[in-house]
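One structure is given here, and the rest of the page talks about it.
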Amino acid sequence: MSKLIYRTKPPRKGYVKYQSFMTHETKGIRDKLPSQETQTKAHDLVQDTLGKLITELEKMGYDQTKVGFYIHYQNL
């Protein structure tokens with residue numbers, strides 16, 4: 001089983017937007033990553049969806065620089 005990880009952190013000095021980080025990670029030696037095509041599609045979907053969500057939540061007072069999200073992927 002692997003998981004997709006998405007995190008944000010404050011912008012670097014001189015920048016305005018927060019920094020984001022997204023990757024797939026495995027925990028054990030028998031875990032397998034999804035195919036490259038699946039990873040790319042997942043990254044695009046998460047980037048678009050969480051970008052909109054974070055923007056809406058920021059309007060309500062949430063801090064967009066402290067976001068953490070992960071979801072597991074299981075090879076069947």
Side-chain angles (χ1 to χ4, degrees):
M1 188 180 307
S2 65
K3 65 182 175 180
L4 182 150
I5 300 170
Y6 178 90
R7 291 191 189 110
T8 63
K9 60 184 180 178
R12 291 185 304 191
K13 187 175 182 179
Y15 290 85
V16 177
K17 291 287 285 175
Y18 65 86
Q19 293 179 279
S20 63
F21 168 80
M22 190 171 8
T23 188
H24 278 80
E25 177 182 284
T26 60
K27 288 293 183 186
I29 58 172
R30 294 189 177 148
D31 294 338
K32 294 182 180 178
L33 292 173
S35 69
Q36 191 63 41
E37 181 182 348
T38 301
Q39 289 183 46
T40 302
K41 286 181 181 179
H43 285 193
D44 291 343
L45 179 63
V46 168
Q47 179 180 351
D48 293 342
T49 306
L50 284 180
K52 292 174 188 171
L53 177 64
I54 291 168
T55 302
E56 291 297 318
L57 289 172
E58 183 187 26
K59 292 176 187 174
M60 297 168 51
Y62 289 90
D63 186 359
Q64 68 174 337
T65 66
K66 295 181 181 175
V67 176
F69 170 82
Y70 72 88
I71 187 166
H72 289 278
Y73 177 84
Q74 185 174 1
N75 287 333
L76 299 176

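The shortest side-chain heavy-atom distance between V67 and Y18 does not fall under the 4.5 Å cut-off. Counting heavy atoms from C-beta outward, L4 and H43 have side chains that approach closer than 4.5 Å.
Taken together through direct or relayed side-chain contacts under 4.5 Å among Ile, Leu, Val, Met, Phe, Trp and Tyr, V46 and I54 form part of one hydrophobic cluster. No continuous path of hydrophobic side-chain contacts links L45 to L50 [ILVMFWY only; heavy atoms under 4.5 Å]. L33 is not connected to M22 by any chain of hydrophobic side-chain contacts under 4.5 Å among Ile, Leu, Val, Met, Phe, Trp and Tyr, and they are in different clusters.
Just one of F21, Y70, F69 meets the side chain to side chain contact (heavy atoms under 4.5 Å, CB included) condition when paired with Y6; it is F69.
Applying the salt bridge (charged side-chain N to carboxylate O under 4.0 Å, His left out) test to every pair with at least one member in residues 46-59, sequence neighbours left out, gives these pairs: E56-K59.
Among residues two or more places apart in sequence or in another chain, the ring pair (Phe, Tyr, Trp, His ring centres under 6.0 Å) test is passed with Y62 by none.
Panel note: side chain T8, backbone Q64; a donor-acceptor pair is recorded below 3.5 Å.
The two residues H24 and P34 come nearest to each other via the heavy atoms CD2-CG, 3.7 Å. The two residues Q19 and P10 make their nearest non-hydrogen contact at OE1-O, 3.4 Å.
Between K3 atom NZ and Q74 atom CD the span is 14.5 Å, to the nearest 0.5 Å.
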